[in-house]
Trainee: 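The structure is given below, and queries will be raised subsequently.
Bear in mind that the values here come from a model prediction, so they are computed numbers and not experimental data. In what follows, chains are A, B, ... by sequence order, proteins preceding strands, each numbered from 1.
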Amino acid sequence: MAACVVKTSCFPGLHLQKKNVIHFLCCAMASASGTAGHWSKGLLASMNDPEAVIDADEDLVTIKDKYPKAKFHFLILPRRKIPNLKSLTREDLDLLEKMHQKGEKIANRANEELQFRFGYHAVPSMSHLHMHVISQDFNSPCLKTKKHWNSFVTDYFVDSKAVIKSIQKHGQWNVNKEEMDQLLKQDLKCHICKKMFRTIPELKAHIVFHDVTKPKTR
DNA sequence: GTTCTAGAAC
DNA sequence: GTTCTAGAAC
């Protein structure tokens, strides 16, 4: 790997920012090792990254989300290649149930107190079907944009159980892409008390005061 | 999916 | 002047 060590001083006169240098080196190394790929294929790489994988069995691999949008944020992926929700059929129902059960197990292992949701983005950016397992605090520096927020608190986030029911009933999952795009643009609303906010920083300052632990049964 | 940044909003 | 967002990335 010695050949990969490149000092910026090797390029006098090139005033590249550190991030650009890192990006350049990563692309060069990925290209040299044959692992280069479009960003949308990144989950496949993560599935084979021991740093990312926290659980694996014969059907499913669980990874930490690379940019977690809450204190706990994991992705459950089937080993079998399934591109997206639209490609699901009744033959996948057993797998979908397993994904949900795995999600509950992973969530409890991570934190028994917090509320979690299990579900899919209606129109995901990353290829390869993946179920989000995300705690409902949404307290994370990686949550930065309106799109991030709305993708987890509006109907753009489809509960795992809703997908399973749809496949049982209709044998498929249908999505209106235009409708989903509109959801991502809607005004910022607290997922707990429905209060409206003008900016992401204001919303983030607000949500930390909500209790998102599971209701106590006594 | 993220990074970067121009210019809007304050 | 600073904060924040939205859109390009070849």
Side-chain angles (χ1 to χ4, degrees), chain A residues 6 8 11 14-31 33 35-49 51-54 61-78 81-87 99 103 117-135 138-158 160 163 175 177-191 195-208:
Chain A
V6 180
T8 51
F11 307 102
L14 265 187
H15 300 289
L16 295 169
Q17 287 188 8
K18 200 192 315 187
K19 276 173 186 167
N20 291 335
V21 173
I22 290 167
H23 182 248
F24 167 76
L25 290 174
C26 286
C27 289
M29 290 167 72
S31 181
S33 63
T35 58
H38 192 256
W39 56 261
S40 66
K41 310 283 183 193
L43 294 179
L44 286 157
S46 294
M47 284 174 81
N48 295 309
D49 175 7
E51 287 286 306
V53 174
I54 61 156
V61 176
T62 304
I63 62 175
K64 290 182 286 191
D65 192 290
K66 198 171 176 182
Y67 299 91
K69 305 303 187 295
K71 283 179 183 164
F72 301 98
H73 187 184
F74 309 103
L75 303 176
I76 312 233
L77 303 103
K81 189 170 183 285
I82 300 176
N84 50 49
L85 290 173
K86 279 190 293 184
S87 57
M99 288 174 74
R117 279 183 80 188
F118 313 99
Y120 305 82
H121 280 155
V123 188
S125 300
M126 309 287 274
S127 68
H128 203 113
L129 187 73
H130 54 283
M131 189 186 81
H132 292 268
V133 174
I134 185 162
S135 58
F138 296 115
N139 183 356
S140 165
C142 297
L143 199 159
K144 296 175 177 176
T145 69
K146 177 181 275 189
K147 182 175 176 178
H148 289 156
W149 181 256
N150 283 334
S151 75
F152 285 102
V153 305
T154 69
D155 288 344
Y156 191 93
F157 189 89
V158 189
S160 162
V163 171
V175 61
K177 202 171 181 301
E178 288 72 33
E179 193 183 320
M180 292 300 123
D181 283 344
Q182 281 307 306
L183 289 177
L184 292 180
K185 291 173 184 165
Q186 76 181 35
D187 292 341
L188 299 170
K189 184 195 287 183
C190 172
H191 63 314
K195 184 170 159 49
M196 305 298 297
F197 290 89
R198 200 175 51 80
T199 68
I200 287 284
E202 286 172 19
L203 171 67
K204 293 187 72 172
H206 165 82
I207 57 175
V208 294

Trainee: Are the side chain of A:Ser127 and the backbone N or O of A:Ser40 linked by a donor-acceptor pair below 3.5 Å?
Mentor: yes
Trainee: For B:dA8, give the paired nucleotide (Watson-Crick: N1-N3 plus N6-O4 or O6-N4; G-U: N1-O2 and O6-N3; both under 3.5 Å), or none.
Mentor: C:dT3
Trainee: What integer distance in Å separates A:Trp39:CH2 from B:dT3:P?
Mentor: 13 Å
Trainee: Can you check whether A:Ala70's main-chain N or O pairs, donor with acceptor, with A:Ser135's side chain at less than 3.5 Å?
Mentor: no
Trainee: Rounded to whole Å, how long is the line connecting atom OH of A:Tyr67 with atom P of B:dT2?
Mentor: 7 Å
Trainee: Do A:His128 side-chain atoms and A:Pro78 backbone N/O form a donor-acceptor pair below 3.5 Å?
Mentor: yes
Trainee: Show each protein N/O and nucleotides 4-8 of chain C N/O combination with a separation under 3.5 Å, one pair to a line.
Mentor:
{"from": "C:dT5", "atom 1": "OP1", "to": "A:Ile200", "atom 2": "N", "distance (Å)": "2.7"}

Trainee: Using a cut-off of strictly less than 4.0 Å, decide whether A:His38 has a side-chain nitrogen or oxygen near OP1 or OP2 of B:dG1.
Mentor: no
Trainee: Can you tell me the distance, in whole Å, between the NE2 atom of A:His121 and the C1' atom of B:dT2?
Mentor: 15 Å
Trainee: So, is A:His148 close to the B:dT2 phosphate, meaning a side-chain N or O under 4.0 Å from OP1 or OP2?
Mentor: yes
Trainee: Can you establish whether the number of heavy atoms outside A:Asp49 located under 6.0 Å from its atom CG is more than 12?
Mentor: yes
Trainee: Counting neighbours of NZ on A:Lys66 that are heavy atoms of other residues, nucleotides or ligands and sit closer than 6.0 Å, is the number greater than 12?
Mentor: no
Trainee: Closer than 3.5 angstrom, by distance alone: can the side chain of A:Ser140 be matched with the main-chain N or O of A:Pro68 as a donor-acceptor pair?
Mentor: yes
